[in-house]
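Please read the structure below before turning to the comments.
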Amino acid sequence: MEPALNPHDLADLADLIVTVAREITLHRDGETPNITLTSSAGNVMRYIDRNPGSTAGAVALGTGLHRANLSTALGELEQLAFVRRERDENDRRNIRLYPTATSAKNLVHLREEWAQLIADALAPAETSAPVATATVGDTLALLERLETGLLRRRGIGTE
């Protein structure tokens, strides 16, 4: 039987996740040729990358954005040629959203930048041991489980 989760530790975990996410967005190397997106556009782009062919309604639900904010973010992404719209072959009334080759190239550069940033941040200090690959893998698994649980609480991904 697993021990009960400490509410203070869980709150600290949430606080650290928010802080780390903010730090990642603040550390731009200026050399990587990726394009920085607004927070809303970044959330929309991540959703479309993970769920190509989604409708605007699915993107709004998946990102938690209101339609007006989604429209603004999609406009930004289309202006950058990161998203393309296609009519649904089965229902011509629906529009499907897809990432473009331009957005895929940007994502590759962004992920390279993030990987280097995280590797540098986790590099051992003079007095600490290196971070084990298993520790990173366990953390990744925990955060994926957390994401799935939080989405499930909003009724997403339960089908």
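One is the number of the first residue; the rest follow in order along the sequence.
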Which residues share a salt bridge (charged side-chain N to carboxylate O under 4.0 Å, His left out) with [X], sequence neighbours left out:
X: D88; answer: R96
X: D91; answer: R93
X: R67; answer: none
X: R154; answer: none

Nearest 0.5 Å please: distance from the [atom1] atom of [X] over to the [atom2] atom of [Y].
X: L107; Y: M45; atom1: CG; atom2: CE; value: 8.0 Å
X: I118; Y: E113; atom1: CD1; atom2: CD; value: 11.0 Å
X: T55; Y: I95; atom1: OG1; atom2: CD1; value: 10.5 Å

Mind listing the closest non-hydrogen atom pair of P99 and D49 along with its distance?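 Minimum heavy-atom separation between P99 and D49: CB-OD1, 3.3 Å.
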
Minimal non-hydrogen separation, T25 against R22, with atom names: OG1-O, 2.7 Å

Per-pair distances, 0.1 Å, donor-acceptor, side chain in residues 8-19, under 3.5 Å, sequence neighbours excluded:
{"from": "T19", "atom 1": "OG1", "to": "D15", "atom 2": "O", "distance (Å)": "2.9"}

Could you tell me if the side chain of T139 sits less than 4.5 Å from the side chain of L143, heavy atoms only? yes

Taking side-chain contact (heavy atoms from CB on, under 4.5 Å) as the definition, give me every residue that meets it alongside V20, ordered by chain and number, with sequence neighbours left out. I24

Atom pairs and distances, donor-acceptor, side-chain atoms in residues 58-65, under 3.5 Å, two or more places apart:
{"from": "T63", "atom 1": "OG1", "to": "V59", "atom 2": "O", "distance (Å)": "2.7"}
{"from": "T63", "atom 1": "OG1", "to": "L65", "atom 2": "N", "distance (Å)": "3.4"}

Excluding sequence neighbours, so at least two apart, what forms side chain to side chain donor-acceptor pair (under 3.5 Å) with [X]?
X: N6; value: none
X: E86; value: R84
X: R46; value: N43

Enumerate, atom names and distances included, each donor-acceptor pair closer than 3.5 Å involving a side-chain atom of residues 69-82, sequence neighbours excluded.
{"from": "T72", "atom 1": "OG1", "to": "A68", "atom 2": "O", "distance (Å)": "3.2"}
{"from": "E76", "atom 1": "OE1", "to": "T38", "atom 2": "OG1", "distance (Å)": "2.9"}
{"from": "E76", "atom 1": "OE2", "to": "T38", "atom 2": "N", "distance (Å)": "3.3"}
{"from": "E78", "atom 1": "OE1", "to": "R85", "atom 2": "NE", "distance (Å)": "3.4"}
{"from": "E78", "atom 1": "OE1", "to": "R85", "atom 2": "NH2", "distance (Å)": "3.2"}
{"from": "E78", "atom 1": "OE2", "to": "R85", "atom 2": "NE", "distance (Å)": "2.5"}

Salt bridge (Lys or Arg N to Asp or Glu O under 4.0 Å) pairs, two or more places apart, involving residues 50-59: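 Counting only pairs at least two positions apart or across chains, the salt bridge (Lys or Arg N to Asp or Glu O under 4.0 Å) contacts touching residues 50-59 are R50-E147.
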
